[in-house]
Amino acid sequence: MSNHDETPSAPSLPRWFLSAAGVVGSIVIIMVVLGVAYWSSQPTQAVDQDIVAERARNLSDVQAKQADLYNNYSWVDQKKGIVRIPVKDAMGLLTAKLDQATRNQPEAPARLTLAASPAGFTPPAPAAPPPAAVPTTPAATSAPAAASAP
């Protein structure tokens with residue numbers, strides 16, 4: 001009899017096997033998540049052609065009503081005398097009104113003054129006229145050279 005208490009130990013798995021099992025398990029989990037996401041995003045039933053036709057009719061009805069409102073005259077409130085006019089006519093009236101208003105305006109000032117400018121803004125000084133060109137003659141430029149000759 002030995003003094004040693006020998007208990008059989010469970011066989012241990014190699015490290016590479018545990019690592020491989022972890023990688024395979026991770027891939028399986030990712031595939032399951034992607035599969036659930038893909039299948040849940042698919043339509044559950046085919047689109048009925050009657051619904052498509054009804055939506056197309058509704059769209060054409062709405063577009064016809066809008067075209068009627070944008071292109072024809074109609075009463076908004078007949079008691080108050082409010083009339084809806086076509087957009088094209090409204091734009092023409094507005095541009096004519098703006099043209100008339102701009103014709104009656106005095107000319108804009110050529111330059112802003114400090115009082116009319118935002119706080120802290122100083123308008124630039126007017127540009128100085130270019131200096132007058134000094135005429136140079138060939139005799140004036142060659143005379144000092146001739147005077148310095150021996």
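Source: prediction; values computed, not measured. One-based numbering along the sequence shown.
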_Set of side-chain hydrogen bond (donor to acceptor under 3.5 Å, both in side chains) partners for R55, sequence neighbours left out_ = none
*Results of side-chain hydrogen bond (donor to acceptor under 3.5 Å, both in side chains) for D89 - residues two or more places apart only*: Y73
_Just so I know, are the side chains of V83 and W75 near enough to count as touching, which here means a heavy-atom distance under 4.5 Å?_
yes
_With side chain to side chain donor-acceptor pair (under 3.5 Å) as the rule and sequence neighbours excluded, what pairs involving residues 62-71 come up?_
D68-N72
*Give, for atom CZ of R103 and atom CG of D99, the distance between the pair rounded to the nearest 0.5 Å.*
5.0 Å
_Is there a path of hydrophobic side-chain contacts, each under 4.5 Å between heavy atoms of I/L/V/M/F/W/Y residues, joining W16 to L18?_
yes
*For A37 against S40, the heavy-atom pair lying closest together*: O-OG, 3.1 Å
